[in-house]
Amino acid sequence: MSDHDQSLWLNTCREHVDSTPLTDDLTVDLAVIGGGYTGCSAALTAAQSGASVALLEAHEIGHGGSGRNVGFANAGLWLPPNEIRTHLGAEPGNRLIDLLGAAPGDVFDLIALHGIDCEPVRNGTLHCAHSGAGFRDLENRHAQLKAAGAPVELLSTDQAGQRTGSAAFHGALFDPRAGTIQPLAYVRGLARAATQAGAQVFTESPVLSLSHDGDVWTLTTAQGSVRAMALIQATNAYHRGMPDTAPAYVPVYYFQFATAPLSDNLRASILRGGEGAWDTGLIMTSFRLDQDGRFIIGAMGELGHAGSSAHKAWAKRKIAALYPQLADQPLVQGWHGRIAMTSDHIPKITRIGPNALAAHGFSGRGIGPGTVFGRQMADSLLRDDPALLPVPPVEGYRESWTGLRRAYFETGAALTHLIKARF
């Protein structure tokens with residue numbers, strides 16, 4: 001693991017789940033591959049229903065995108081409602097809109113129910129207009145979201161300035177349903193709750209082979225095996241091995257940098273309501289405070305190559321542009337994570353065999369959708385009811401030119417940050 005895989009959240013996580021590698025041969029009702037939001041939500045749901053569950057994670061719980069997330073428990077997807085309906089159709093589109101509109105409530109209810117120590121702040125999020133064109137986009141989103149019943153509010157330039165503490169924005173879209181969390185602590189809290197409900201969680205247990213004999217699935221690891229009647233693959237952008245079930249997506253990296261905890265007077269001048277925020281820029285910027293008052297800024301890009309210096313220089317300049325009072329604050333930690341992005345930005349559920357489902361492609365919106373998809377997939381398999389799935393499943397899903405498109409996104413982000421870091 002590189003230094004850039006070690007997120008701030010690892011240092012500040014107060015949740016722990018007892019787990020060991022699999023060293024036995026088990027038979028269960030449901031096997032889950034992947035210890036992120038989707039997998040842990042599925043394991044918790046299944047265990048609470050009385051099913052026997054084994055979750056296998058190749059590293060530690062939250063090792064992948066769930067432990068490197070920005071920590072915004074947002075409602076919906078990146079797409080406005082009309083585009084979701086265009087891709088899925090009216091009825092399935094409305095179902096997904098309703099399910100994901102309620103997703104932040106589901107997340108914060110789970111946090112409260114299981115006492116997950118993950119710095120929950122449900123004071124909404126701010127989608128900030130970086131330009132006049134960006135504000136027009138927010139006006140369109142606001143109209144569509146209001147028509148769908150969302151309690152969103154369009155803020156003027158002055159109102160956005162008051163809420164963010166920055167004069168950089170032309171307005172903002174406020175969504176009171178959403179909030180911020182410590183993302184690694186949340187997923188580890190889900191895993192801990194799943195074990196308390198009876199699920200068996202195994203870490204450092206990568207699945208080496210996967211087969212179905214006509215009756216059950218068999219998953220083998222280096223030291224054990226699991227036989228299961230049903231299977232959920234929840235590896236998303238951190239899939240390893242098993243090429244026959246590898247999800248198709250465009251891998252996009254997202255980095256974040258954090259300051260040390262700010263002084264009380266500086267902290268009081270930024271996002272006083274505790275909202276999470278991001279902007280409408282083509283190369284999006286996210287920013288927030290954590291519970292200890294660290295300022296955290298993020299954008300698209302990978303830190304593990306020569307372009308990382310441009311990303312860091314951009315981050316320092318961007319912070320100074322948003323909040324001049326932070327211009328001299330050093331960036332003390334940086335990390336990145338991998339996002340599984342689909343061409344239409346709609347998450348996919350694929351059938352990978354009998355009684356077996358895989359989900360991927362949250363396109364950077366993992367917390368709420370992952371929680372919902374994991375729950376609904378577990379319910380669907382255990383009740384043998386495909387109508388419970390949040391989106392219609394597909395037999396296979398393909399993406400073309402994924403390597404080229406990854407290079408396109410990374411090069412575009414690096415060049416954008418290089419130019420904006422210098423001028």
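Counting begins at 1 with the first residue of the sequence.
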Query raised in the report: Do the non-hydrogen side-chain atoms of Ile367 and Val187 ever get within less than 4.5 Å of each other?
Result: no
**Report entry** salt bridge (charged side-chain N to carboxylate O under 4.0 Å, His left out) partners of residues 283-294, not counting sequence neighbours, each pair once
**Finding:** Asp290-Arg294, Asp292-Arg294
Requested in this report: Decide whether Thr195 and Gln200 meet the rule of one side-chain donor and one side-chain acceptor closer than 3.5 Å.
Outcome: no
**Report entry** Asp117 versus Gln182, side-chain donor and acceptor atoms under 3.5 Å
**Finding:** no
Requested in this report: Kindly indicate whether the side chain of Leu55, heavy atoms from C-beta on, has any atom under 4.5 Å from the side chain of Ile61.
Outcome: yes
Report summary line: Residues pairing under salt bridge (charged side-chain N to carboxylate O under 4.0 Å, His left out) where one sits in residues 87-112, two or more places apart or in two chains, turn out to be Asp106-Arg375
Query raised in the report: Excluding sequence neighbours, so at least two apart, what forms side-chain hydrogen bond (donor to acceptor under 3.5 Å, both in side chains) with Ser380?
Result: none
Query raised in the report: Who pairs with Ser49 by side-chain hydrogen bond (donor to acceptor under 3.5 Å, both in side chains), at least two apart in sequence or on another chain?
Result: none
Requested in this report: Please collect all salt bridge (charged side-chain N to carboxylate O under 4.0 Å, His left out) contacts where either partner lies in residues 241-253, sequence neighbours excluded, each pair once.
Outcome: none
Query raised in the report: With sequence neighbours excluded, what pairs up with Arg267 under the salt bridge (Lys or Arg N to Asp or Glu O under 4.0 Å) test?
Result: none
Query raised in the report: For Trp9, does its backbone N or O pair with a side-chain atom of Ser7 as donor and acceptor, under 3.5 Å?
Result: yes
Query raised in the report: Would the Phe295 and Tyr323 ring centres measure less than 6.0 Å apart?
Result: yes
Report summary line: Interatomic distance, CG@Leu322 vs OG1@Thr164, rounded to 0.5 Å, equals 8.0 Å
Query - Check: Thr280/His130 side-chain N/O donor and acceptor closer than 3.5 Å - result: yes
Query - All side-chain hydrogen bond (donor to acceptor under 3.5 Å, both in side chains) counterparts of Thr371, not counting sequence neighbours - result: Tyr186
Please report, to 0.1 Å, the donor-acceptor pairs under 3.5 Å made by any side chain of residues 172-179, with sequence neighbours excluded.
| residue | atom | partner | partner atom | Å |
| --- | --- | --- | --- | --- |
| Asp175 | OD1 | Arg177 | N | 3.0 |
| Asp175 | OD1 | Arg177 | NE | 3.0 |
| Asp175 | OD2 | Arg177 | NE | 3.4 |
| Asp175 | OD2 | Arg177 | NH2 | 2.8 |

Query raised in the report: Looking just at side-chain N and O atoms, do Asn140 and His142 make a donor-acceptor pair shorter than 3.5 Å?
Result: no
**Report entry** Output field: ring centroids Tyr253/Phe255 closer than 6.0 Å
**Finding:** no
Requested in this report: Go through the side-chain N and O atoms of Gln325 and Ser269 and say whether any donor and acceptor fall under 3.5 Å apart.
Outcome: yes
Query raised in the report: If we ignore angles and hydrogens, is there a donor and acceptor under 3.5 Å between the side chains of Gln233 and Thr245?
Result: yes
Can you list, pair by pair, the side-chain donor-acceptor contacts under 3.5 Å of residues 358-365, counting residues two or more places apart and other chains?
| residue | atom | partner | partner atom | Å |
| --- | --- | --- | --- | --- |
| His360 | NE2 | Ala248 | O | 2.8 |
| Ser363 | OG | Thr342 | N | 3.4 |
| Arg365 | NH1 | Ala75 | O | 2.9 |
| Arg365 | NH1 | Gly76 | O | 3.1 |
| Arg365 | NH1 | Leu77 | O | 3.4 |

Report summary line: Sequence neighbours excluded, the answer for salt bridge (Lys or Arg N to Asp or Glu O under 4.0 Å) partners of Arg141 is Asp137
Requested in this report: Could you tell me whether a side-chain N or O of Tyr249 sits under 3.5 Å from a main-chain N or O of Ala237, the two making a donor and an acceptor?
Outcome: yes
Query raised in the report: Can you name the residues that form a salt bridge (Lys or Arg N to Asp or Glu O under 4.0 Å) with Glu119, not counting sequence neighbours?
Result: none
Query raised in the report: Side chains of Lys316 and Gln329: does their closest heavy-atom pair fall under 4.5 Å?
Result: no
Query - Which residues share a salt bridge (Lys or Arg N to Asp or Glu O under 4.0 Å) with Arg163, sequence neighbours left out - result: Glu275
Query - Intermediate values then yes/no, side chain to side chain contact (heavy atoms under 4.5 Å, CB included), Leu219 and Trp217 - result: CA-CA 7 Å; Leu219 298 76; Trp217 288 93; 4.2 Å; yes
Report task. Measure the spacing between OG of Ser19 and CG of Leu56 and express it to the nearest 0.5 Å. Result -> 11.5 Å
Query raised in the report: Does Asn265 CG have over 12 foreign heavy atoms under 6.0 Å away?
Result: yes
